[in-house]
Structure formats: C-alpha cells, structure tokens
Amino acid sequence: MTRENARTETSFPTARCAACDRTVLTYVDFDEIGERRRCVHCDAAVDSELQWIGAPELEAAGYQIGEPRRSGGCGGGCGCATRRS
C-alpha cells in the first residue's frame with residue numbers, strides 16, 4: 001500500500017487515554033479479562049469509546065503516516081537524538 005492509499009483508504013482506532021490525558025492510537029491486547037484496547041504510548045487499558053479516524057485526522061493529532069522523516073531524530077517529534085537508519 002502506498003502512502004497516498006494509506007491516507008485515503010485506511011482508518012485507525014483511537015480513544016481517550018485517561019493516563020495520557022489525550023486521544024491516542026490503541027491496540028488490541030488479550031489478558032485474563034479477555035480482549036482489551038490499550039494505549040500505544042503507556043499500555044494503559046483504554047475503556048472510552050473507540051473512534052476510527054482517517055490518516056489526515058491522525059496526522060493532525062501528531063502522528064506520522066509513512067516513512068519517518070530523516071531530520072535527525074526518531075521522527076516522532078520527541079526531540080531525541082536517535083537516528084533510524
């Protein structure tokens with residue numbers, strides 16, 4: 001899938017993370033309770049309503065779609081000095 005296809009044909013699961021105090025990407029985890037959604041940043045269980053958003057909305061929330069920028073950091077906008085090669 002190309003970057004442009006991802007921007008127009010893909011949606012991403014997001015929800016409000018109480019621990020991070022913001023809307024975040026989520027992932028599915030399985031624990032003793034069963035299937036749970038978790039925050040991609042802190043791994044906390046996310047129990048708020050799931051919202052599926054497109055790539056433009058995801059990028060507006062601070063996420064990057066596609067190859068990381070080669071600007072001297074991880075590409076995550078965190079200010080670190082780690083380079084991905």
Enquirer: Any salt bridge between D47 and R37, counting N to O under 4.0 Å?
Expert: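 No salt bridge links D47 with R37.
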Enquirer: Applying the side chain to side chain contact (heavy atoms under 4.5 Å, CB included) criterion to P13, which one of I53, V28, V40, L50 satisfies it?
Expert: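 Only one of I53, V28, V40, L50 forms a side chain to side chain contact (heavy atoms under 4.5 Å, CB included) with P13, namely L50.
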Enquirer: What are the two closest heavy atoms between A45 and R36, and how far apart are they?
Expert: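 Minimum heavy-atom separation between A45 and R36: CB-NH2, 3.4 Å.
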Enquirer: Specify the closest pair of heavy atoms between C39 and V46, including all atoms of both residues, with the distance to one decimal.
Expert: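 Minimum heavy-atom separation between C39 and V46: N-CG2, 3.5 Å.
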Enquirer: Between G54 and F12, what is the shortest heavy-atom contact and its length?
Expert: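 What the structure gives for the nearest pair is C-CD1, 4.2 Å.
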Enquirer: Just wondering, do D31 and R38 contact through their side chains at under 4.5 Å, heavy atoms?
Expert: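 Sidechains of D31 and R38: in contact.
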Enquirer: Any donor-acceptor pair under 3.5 Å linking the side chain of T14 with the backbone of Q51?
Expert: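 Confirmed, T14 side chain pairs with Q51 backbone.
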Enquirer: For D21, is there any backbone N or O sitting under 3.5 Å from a side-chain donor or acceptor partner on R16?
Expert: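 Confirmed, R16 side chain pairs with D21 backbone.
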Enquirer: Search all heavy atoms of Y63 against all heavy atoms of V24 and return the closest pair with its distance.
Expert: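 Minimum heavy-atom separation between Y63 and V24: OH-CA, 3.4 Å.
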Enquirer: Distance from W52 atom CH2 to T10 atom OG1, nearest 0.5 Å?
Expert: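 It comes to 10.5 Å.
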Enquirer: With no hydrogens and no angle check, is any side-chain donor or acceptor of E59 less than 3.5 Å from a backbone partner on P56?
Expert: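 Looks like no, no N/O pair under 3.5 Å.
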Enquirer: Any non-hydrogen side-chain atom of L25 less than 4.5 Å from a side-chain atom of L58?
Expert: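 Side chain of L25 against side chain of L58, heavy atoms only: contact under 4.5 Å found.
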